[in-house]
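Here is the structure we will look at.
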Amino acid sequence: PMKKYSVDFYYYDSDNKGYSLICRKGEEFGEQKYVTLRESGHGHIYVRGPELSKLLLENILPLSDDLNHIRKQYKFFLSELFDHSNAGRFNHGKQLKEVAGSIVKKLRQLINRYPDMYECLKEIPYRKHSRISHGLNTAIFSIIFSKSTFTDHSSDLAIAALVHDAGSIGLPLKIQGAHSMTNKSVTDQIKFQIHVKYTLDLLEKKRFIMTEATKKAIEFHHEYFDGTGYPRGISGKEVQQEYSLFALCDVYDHILNDFKNKHRLSLLEAWEKIKEFHQMGPLKERFRPEIIDLLDKFFARCIEKDQAA
């Protein structure tokens, strides 16, 4: 975040094969400093050893530590969610909900510390495909994209993100992926579609306490504006804005981190794929049009920032 620090920062200068000063004590670590750091090709900043303790006391280096803590807490949450034995420490849904709420609160605090949401998108989502990464990434996208689309219930959506695919555990990886149903066999489609019911059944069994918005986000995360989704095939006004956005966040992460891609897509390339997916249905409107329009403006601003840099 752009602010003034009480220590000098350095970066490794490859041309001079040594460390160069990038930000003096008392200067603002502004956008131009980030540009210099990116152009160096290393992406790390350094401080003198004796000044490290001062930096830590100022609490300005917790971003990566906080994110690692959130990831560990989420792993613990999932282990408790899937623990059906009497040995489970969280045998009551209220406790599970409290942990999920704590994870979302910490994610929101972490996201809000970034002055620019595009930089946040570049840095904190996992760039790989796994159950843990998909849940956290969908939560991150739900919080960030809600800001750009003026969507309500972002915390409810983020909690839904943490558990929305819990019912797919045990399914082969090859039949997972919200955006590629047309490439699956009929048998695989049936197997995959039932994970929505399995998720809700699991949460009910664990007595997981959730708001109506969280429950509907889970139930509707494969429903589309044009009626081509499942399990109910609802369409139009029945697919409210927050649930259409949540479905988009789910697909966006699958596209961004699709393990079948030969090369890792950028955030902007994945957005272009989302727009292609949006227009694949018979009505060319998989998601609510206003969400696509607002997020398209968001990513247009991101392109401008990349070009300016």
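Ion pairing between a basic and an acidic side chain is recognised when a charged N comes within 4.0 Å of a carboxylate O; E272 and K275 show such pairing. In this structure, K106 does not pair ionically with D66, as no charged nitrogen and carboxylate oxygen lie closer than 4.0 Å. Residues K216 and E242 are not paired through a salt bridge, judged by the lack of any N-O separation under 4.0 Å between the basic side chain and the carboxylate. Using a 4.0 Å cut-off between charged nitrogen and carboxylate oxygen, D226 and R286 count as a salt-bridge pair.
A 4.5 Å side-chain heavy-atom check between F141 and F246 finds every atom pair outside the cut-off. A heavy-atom distance below 4.5 Å is not found between the side chains of F225 and I291. Between L248 and I292 there is a side-chain heavy-atom pair separated by less than 4.5 Å. You'll find the side chain of K197 stays beyond 4.5 Å of the side chain of P231, heavy atoms only. Annotation: side chain of I218 is in contact with side chain of L203 (closest heavy-atom distance under 4.5 Å). H222 has its side chain within reach of V196: a pair of non-hydrogen atoms, C-beta onward, lies under 4.5 Å apart. Looking only at side-chain heavy atoms (C-beta outward), S142 and L245 stay at 4.5 Å or farther from each other. F208 is listed as a side-chain neighbour of I159, based on a closest heavy-atom distance under 4.5 Å.
A donor-acceptor contact closer than 3.5 angstrom is absent between the side chains of T138 and D250. Using modelled atom types and a 3.5 Å distance limit, the side chains of S133 and R71 yield no donor-acceptor pair.
For R127, the CZ atom sits in a packed shell: over 12 heavy atoms of surrounding residues, nucleotides or ligands are nearer than 6.0 Å. Remark: E204 CD is loosely packed, at most 12 non-hydrogen atoms of other residues, nucleotides or ligands lying under 6.0 Å away. A 6.0 Å sphere centred on OH of Y198 holds no more than 12 heavy atoms belonging to other residues, nucleotides or ligands.
Proximity of a side-chain donor or acceptor of T149 to a complementary backbone N or O of F145 within less than 3.5 Å is detected. Under a 3.5 Å cut-off, the side chain of E223 and the backbone N or O of T228 do not form any donor-acceptor pair. Between the K206 side chain and the D83 main chain, a donor and an acceptor come within less than 3.5 Å of each other. The closest donor-acceptor contact from the side chain of E27 to the backbone of R24 lies under 3.5 Å.
Of all non-hydrogen atoms in I144 and C120, the two that sit nearest each other are CD1-SG, 3.8 Å. Of all the heavy atoms in D152 and L157, the pair that sits closest is O-CD1, 4.4 Å. Summarising the geometry of H164 relative to H195, their closest heavy-atom pair is O-CD2, 4.3 Å, with the distance given to 0.1 Å.
Relative ring orientation between Y74 and F77 is described as parallel, the plane-to-plane angle staying below 30° on a 0-90° scale split at 30° and 60°.
Side-chain rings of Y19 and Y10 stay apart, their centers remaining 6.0 Å or farther from each other. Checked against the 6.0 Å centroid criterion, the rings of Y224 and F277 qualify as a close aromatic pair. If you look at F299 and Y118, their ring centroids are not closer than 6.0 Å.
For K297, the salt bridge (charged side-chain N to carboxylate O under 4.0 Å, His left out) test picks out no residue, with sequence neighbours left out. The side chain to side chain donor-acceptor pair (under 3.5 Å) test applied to D253 returns H134, N137, N257, not counting sequence neighbours.
Figure legend: R288 and Y243 shown without cation-pi pairing, the cationic atom not lying both under 6.0 angstrom from the six-membered ring centre and within 45 degrees of its axis.
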